[in-house]
Every structure is written in C-alpha cells, then in structure tokens.
Asker: 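Below is the structure I would like to discuss, written out as structure tokens.
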Amino acid sequence: YSTGQPCVFIKMNRVINFYAGANQSMNVTCAGKRPQHYRDKGKPIPKDGRDEDAENLGHFVMFPANGNIDLMYFPYYGKKFHVNYTQPLVAVKFLNVTSNVEVNVECRINAANIATDDERDKFAGRVAFKLRINKT
C-alpha cells in the first residue's frame, strides 16, 4: 500500500454442493466500470459498459496467474464434512492506478454455471468496489 500498489483478495463464498463450472475452468476478471447512476446522465457509454475508469485503473496482475481458480475446492459439502476447508481466493495487485482519482472496479468469477449478468441479482458472482490512491 505504501507504494501506491494495493493488493485486494477476491474470495468466493462457500456454497454447499456447488459444482464449479461443470468441471470447466474458472477464473476471476477485473475491469474499471462506471456505476449506473453515472451512465444515466446522458453520456454515451461503449457497448461493454466500460469508459475512462478502465484507463484510470491501469495494469494489474493476479495471483494465481490469470485469476484461475483450482477445481479442487469443489464441491463443498459443509463444515461437518470439510472441517478445515479454505475458500478459493484470487489476489489482485493494482500496479499503476491513476493517482487522486476514484476508480470504480468490478471483479467477476467466470464459470459456466455462474450467471454474472443478471440485473435482478447484481452481486451474483461479482463484487464492485471503489479504489483511490492519494498522492500529494
């Protein structure tokens, strides 16, 4: 944090009997994204919903590489069966966020059986947060 390169952890909740992506690979992706109330002000937004927040976010790296989530974490059968279960997580280190600007970030878990584009459940398989690096 002292170098202006924060690292955040994206952790998946425990879901009993969840089979990850029908045995297909899973990964986390992150991008800069403006919240809906900014989009409603008449400013044209590209089809993918991204705008200047993507530029302000800059580059980042993920650990493990490419944000991959190992399928060994699934399925989860509950606390009695998995006594020492550790939830899967991905670390995201932001390398060059634009200073003194609030950046909206959205990270998603991509899997065949997680619907991250359902507007009725805005947080299914995704998390949104704001990031600001203050420098004088």
Asker: Please check: side-chain N/O of Gln5 versus main-chain N/O of Leu95, any donor-acceptor pairing under 3.5 Å?
Answerer: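 Side chain of Gln5 to backbone of Leu95, a donor-acceptor pair under 3.5 Å: yes, one is there.
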Asker: Assigning hydrophobic clusters by single linkage (Ile, Leu, Val, Met, Phe, Trp, Tyr; side-chain heavy-atom cutoff under 4.5 Å), is Leu89 placed with Phe63?
Answerer: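 No; tracing contacts between hydrophobic side chains, which count when under 4.5 Å, never links both residues.
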Asker: Less than 4.5 Å apart, side chain to side chain, heavy atoms only: is that true for Arg132 and Lys130?
Answerer: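 No. Closest side-chain heavy atoms not under 4.5 Å.
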Asker: Closest heavy-atom contact between Met12 and Ile114?
Answerer: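 Minimum heavy-atom separation between Met12 and Ile114: CE-CD1, 4.1 Å.
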Asker: In this structure, would Val61 and Phe9 fall into the same cluster of hydrophobic residues linked by side-chain contacts under 4.5 Å?
Answerer: no
Asker: When you measure from the side chain of Asn96 to the backbone N and O of His59, does any donor-acceptor pair fall under 3.5 Å?
Answerer: yes
Asker: Answer with yes or no whether the hydrophobic clustering places Ile10 together with Met72; edges join I, L, V, M, F, W, Y residues whose side-chain heavy atoms lie under 4.5 Å apart.
Answerer: yes
Asker: Does Phe94 reach the side chain of Ile133, with side-chain heavy atoms less than 4.5 Å apart?
Answerer: no
Asker: If we ignore angles and hydrogens, is there a donor and acceptor under 3.5 Å between the side chains of Asn110 and Thr29?
Answerer: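 Yes - a donor-acceptor pair under 3.5 Å links their side chains.
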Asker: How many angstroms lie between CD1 in Ile69 and NZ in Lys11, if you round to the nearest 0.5 Å?
Answerer: 12.5 Å
Asker: Under 3.5 Å, side chain of Tyr85 to main-chain N/O of Tyr73, donor-acceptor pair present?
Answerer: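 At least one qualifying donor-acceptor pair exists.
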Asker: Can you see which heavy atom on Met26 is nearest to which on Ala111, and at what distance?
Answerer: CG-CB, 3.7 Å
Asker: Where is the tightest heavy-atom contact between Gly4 and Lys135, given as atom of each residue plus distance?
Answerer: CA-CE, 4.4 Å
Asker: Side-chain heavy atoms nearer than 4.5 Å, only ILVMFWY residues, links allowed to pass through others: does that put Val15 and Ile109 together?
Answerer: yes
Asker: Output the distance between atom NZ (Lys33) and atom CZ (Arg126), rounded to the nearest 0.5 Å.
Answerer: 6.0 Å
Asker: Looking at Phe60 and Cys30, what are the two nearest heavy atoms and their distance?
Answerer: CZ-O, 3.2 Å
Asker: Looking only at the aromatic ring of each residue, does the gap between the centers of Tyr76 and Phe18 stay below 6.0 angstrom?
Answerer: no
Asker: Compare every heavy atom of Val97 with every heavy atom of Leu131, then report the nearest pair and how far apart it is.
Answerer: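 So the minimum-distance heavy-atom pair works out to CD2-CG2, 3.8 Å.
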Asker: Residues two or more places apart in sequence or in another chain: which of them pass ring-ring contact (aromatic ring centres under 6.0 Å, His included) with Tyr77?
Answerer: Phe81, His82
Asker: Between Gly32 and Leu57, what is the shortest heavy-atom contact and its length?
Answerer: N-CD2, 3.5 Å
Asker: Using only heavy-atom distances, determine whether the side chains of Asp53 and Asn104 contain a donor-acceptor pair under 3.5 Å.
Answerer: yes
